[in-house]
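Reviewing the structure listed below.
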2 protein chains.
Amino acid sequence: MEKPLNATMKPSLEETFKIVQESIAKNKTLIVVGNCEIEYKGRAESKLGLGERILLIKNDGAVLIHRPTGYEPVNWQPSGCIFHSRLTETGLVIRATNVKTKESLKLTFTGVMFATQLELKDTSEFILHASEEDMQKAILLKPELVEEGFHPIVKEKKTAPGFVDIFGRDKYGRFVVVEIKRKTANKDAVLQLWKYIQTIGETEQHIRGILVAPKLAKNAGRLLRELNLEFKQLSPKKCIETLRKSTSGELLRYMK
Amino acid sequence: MEKPLNATMKPSLEETFKIVQESIAKNKTLIVVGNCEIEYKGRAESKLGLGERILLIKNDGAVLIHRPTGYEPVNWQPSGCIFHSRLTETGLVIRATNVKTKESLKLTFTGVMFATQLELKDTSEFILHASEEDMQKAILLKPELVEEGFHPIVKEKKTAPGFVDIFGRDKYGRFVVVEIKRKTANKDAVLQLWKYIQTIGETEQHIRGILVAPKLAKNAGRLLRELNLEFKQLSPKKCIETLRKSTSGELLRYMK
DNA sequence: AATTAAATTTCGCCT
DNA sequence: AGGCGAAGTTTAATT
C-alpha cells in the first residue's frame with residue numbers, strides 16, 4: 001500500500017492549494033475537510049453558506065460534498081469534471097465544470113482541517129448477488145411470480161452460465177417452460193428458449209415458453225412473438241424480496 | 001473551527017480501532033482510508049475483495065464506501081446504523097447493521113492509510129433554486145408548457161409567498177388564470193386559484209383556471225373538479241431545463 | 001406505517 | 001449520441 005504523497009493536518013489555504021493543484025494535475029483522489037461555501041448551477045441552482053464539510057474529488061473527475069449527516073451528498077457532480085482552483089481574498093476557490101452536462105460547482109474554502117491526495121489501488125470486481133439462481137428460487141417458492149396458477153414440476157440446472165430453466169404446468173394443465181434472465185433478455189435468450197422447446201417438444205401437445213426477465217429487448221420482443229413465445233417481466237429485486245420474506249422452513253422445502 | 005480529536009497518518013490497526021471505537025461511541029464523523037474487503041447482506045447481497053477505499057461514517061449512522069471512481073458509493077447504508085468493531089486475525093472488522101431495513105455491512109481492513117474522527121459544524125440551510133419565479137419565467141418563455149395555444153398577457157407578483165400567477169388567453173381567446181406551485185398543489189392552492197377567479201370574474205364570460213404544479217394532491221383534485229378548475233402537471237426541473245435552453249436574449253425580452 | 005412520486009437522480013443497455 | 005428502464009436507488013410528501 002502506497003503512502004499518500006501529500007497529507008496535512010490543519011494545512012493553510014496555501015498548502016491546501018498546492019495539494020489540490022497537484023491532485024487535479026495527476027488525476028488522483030482528493031479529500032479536503034474544511035469550512036466552505038458552495039454554489040451550484042446547472043439543471044437547477046443551489047447555494048449553501050459556510051459550514052464544515054468533506055470534499056471528495058475522484059480520479060475520474062467525480063465530485064462529492066458531504067455534510068455530517070445523510071446518505072446523499074449535499075452537492076455533487078458526476079464523473080468527467082474539469083477543475084480550476086485559485087487562491088482569492090475570500091478563500092481557496094475550487095471550480096468543477098462538467099462539460100457534458102453543462103453544470104458547474106463552485107466551492108470556497110475559508111479554512112481547512114485536513115487535506116490529502118491519494119493514489120488508491122482498487123481493482124477487485126464488485127459482485128452483486130441477485131443471481132438467476134436467486135430468481136429461480138423465488139419462482140419455485142412463489143410460482144405466481146410467473147403467472148397465476150403456474151405449477152413448477154422440475155427445476156433444471158444448465159451447464160451454460162447465465163440462465164436457469166423451470167418446467168411446469170399452467171392452470172389449464174398445459175406444459176410450460178420458463179427461462180430466466182437476470183438482465184434484459186435479448187434475441188439469444190429467446191432463441192435459447194425456443195431451441196429448448198424444439199428439443200423437448202416431441203409430443204403434438206403445444207408447449208408454452210415463458211421468458212422471465214426484468215426487461216425484453218425490442219428486437220427480442222419481435223422474435224418472441226414470431227416464435228409464439230411469451231414474456232413475463234420480473235426483476236431480481238422482486239425475487240430477492242420474495243426470498244427474504246419467506247421463512248427458512250419454506251425455503252428448505254423447495255430448495256432441498 | 002475545531003481541531004480533530006484524533007487523526008493519524010498510517011495508523012496501525014490497533015490505533016485505527018481506537019479511533020473507530022471513540023468515533024462510534026461519540027457519534028462523530030469518521031473517515032478511514034485503507035485496504036479493505038466488503039460484504040453486504042440485505043435486499044441483495046454483495047462481495048468485494050481487497051482494495052483501497054474511503055470509508056465515511058456520519059454522525060447519524062450513515063455509511064458510505066467509495067472506490068476511486070464514480071459518483072455512487074460501492075457499498076453503503078442509510079442513516080440509523082448500529083456499529084460493532086473488533087480486531088481479529090484477518091484485520092479490523094467494522095460491522096454496520098441497519099435494524100430498520102434489516103441490512104448489514106461488514107468491512108475488514110487489513111491496512112489503513114489514514115483515519116480521523118471529526119466534529120463537523122454545519123448549520124447552514126441548503127437552498128435549491130428552482131423557484132416558482134423560475135417556473136413563471138419558463139412559462140412566459142414557452143407558454144405551451146401550460147397548453148398548446150396559451151398566450152400570457154400579464155404576469156402578476158403576489159405578495160403572499162409561495163405562488164405566482166399568470167394571466168392569459170387560450171387558443172379560443174378565453175381568459176385563463178394560471179397559478180403555479182413548485183411542489184405538490186393542495187386544497188389551499190386550489191382555493192387560492194378559485195378565490196382569484198371569483199375576485200376578478202365580474203364579467204359573465206367564463207374564466208378558465210389552471211393550476212400548474214408537479215403534482216396534484218388527491219383531495220385537491222376532487223375540489224378542483226368541483227370548482228370546474230383544471231390541472232397541468234409541470235415539474236420545476238422541466239422549467240429549469242426550458243430556461244437553460246433559452247438564450248439570454250429571449251430571456252431578457254420576456255423578463256425585463 | 002405504507003404508498004407514491006420526484007430527483008441536479010445515476011447507471012447501464014439498447015437503438 | 002439519445003432514450004428507456006432499473007436501482008440494494010434515496011428522499012420527501014401524502015394517505
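Sequence lines set the chain letters: A, B, ... in the order given, protein chains first and strands last, and positions in each chain run from 1.
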Starting at [atom1] of [X] and ending at [atom2] of [N], how long is that distance when rounded to a whole Å?
X: A:K181; N: C:dC14; atom1: NZ; atom2: C1'; value: 15 Å
X: B:L64; N: D:dT10; atom1: CG; atom2: P; value: 11 Å
X: A:E103; N: C:dT9; atom1: CD; atom2: C1'; value: 11 Å

Worked verdict on B:H66 versus A:L64 for side chain to side chain contact (heavy atoms under 4.5 Å, CB included): CA-CA 10 Å; B:H66 276 280; A:L64 302 153; 3.2 Å; yes
Starting from the 5' end of DNA chain D, give me the residue, B:Y40 or A:E72, whose nearest nucleotide shows up first.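 First, find each residue's nearest nucleotide; the 5'-ward one identifies B:Y40.
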5' priority, DNA chain D, between A:K100 and B:S79 [closest heavy atom]: A:K100
Identity of whatever pairs with C:dC14 - Watson-Crick or G-U, under 3.5 angstrom: D:dG2
Nearest to the side chain of A:A44, which nucleotide is it out of C:dT8, D:dA7, D:dG8?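 For A:A44, the side-chain atoms sit closest to C:dT8.
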Which nucleotide in the list C:dT8, D:dG8, C:dT10 gets nearest to the side chain of A:P78? C:dT10
Quote, to the nearest angstrom, the C1' distance that separates D:dG5 from D:dT9. 13 Å
Please state the C1' separation for the pair C:dA6 and C:dT10 - nearest whole angstrom. 14 Å
Describe the nucleic acid contact of A:E45 in one word from base, sugar-phosphate, nothing, applying a heavy-atom distance below 4.0 Å. nothing
Say you draw a straight line from CZ of B:R95 to CZ of B:R86; how long is it, rounded to the nearest 0.5 Å?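 If I round to the nearest 0.5 Å, the distance is 6.5 Å.
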Criterion side chain to side chain donor-acceptor pair (under 3.5 Å) on B:N59 and B:T29, from CA distance to verdict: CA-CA 5 Å; B:N59 301 3; B:T29 302; 2.4 Å; yes
Taking only side-chain nitrogens and oxygens of B:W76, does any of them come within less than 4.0 Å of OP1 or OP2 of D:dT9?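 For D:dT9, OP1/OP2 do not have a side-chain N/O of B:W76 under 4.0 Å.
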Distance below 4.0 Å between A:Q233 side-chain N/O and D:dG5 OP1 or OP2: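 Looking at the OP1 and OP2 atoms of D:dG5, neither is under 4.0 Å from any side-chain N or O of A:Q233.
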Under a 4.0 Å N-O cut-off, is there an ion pair linking A:R208 with A:E230? yes
Residues B:K28 and B:E119 bridged, charged N to O under 4.0 Å: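 Salt bridge present between B:K28 and B:E119.
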Please figure out whether B:Y71 or A:P73 has its closest DNA chain C nucleotide nearer the 5' end.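 Going by which nucleotide is closer to the 5' end, it is A:P73.
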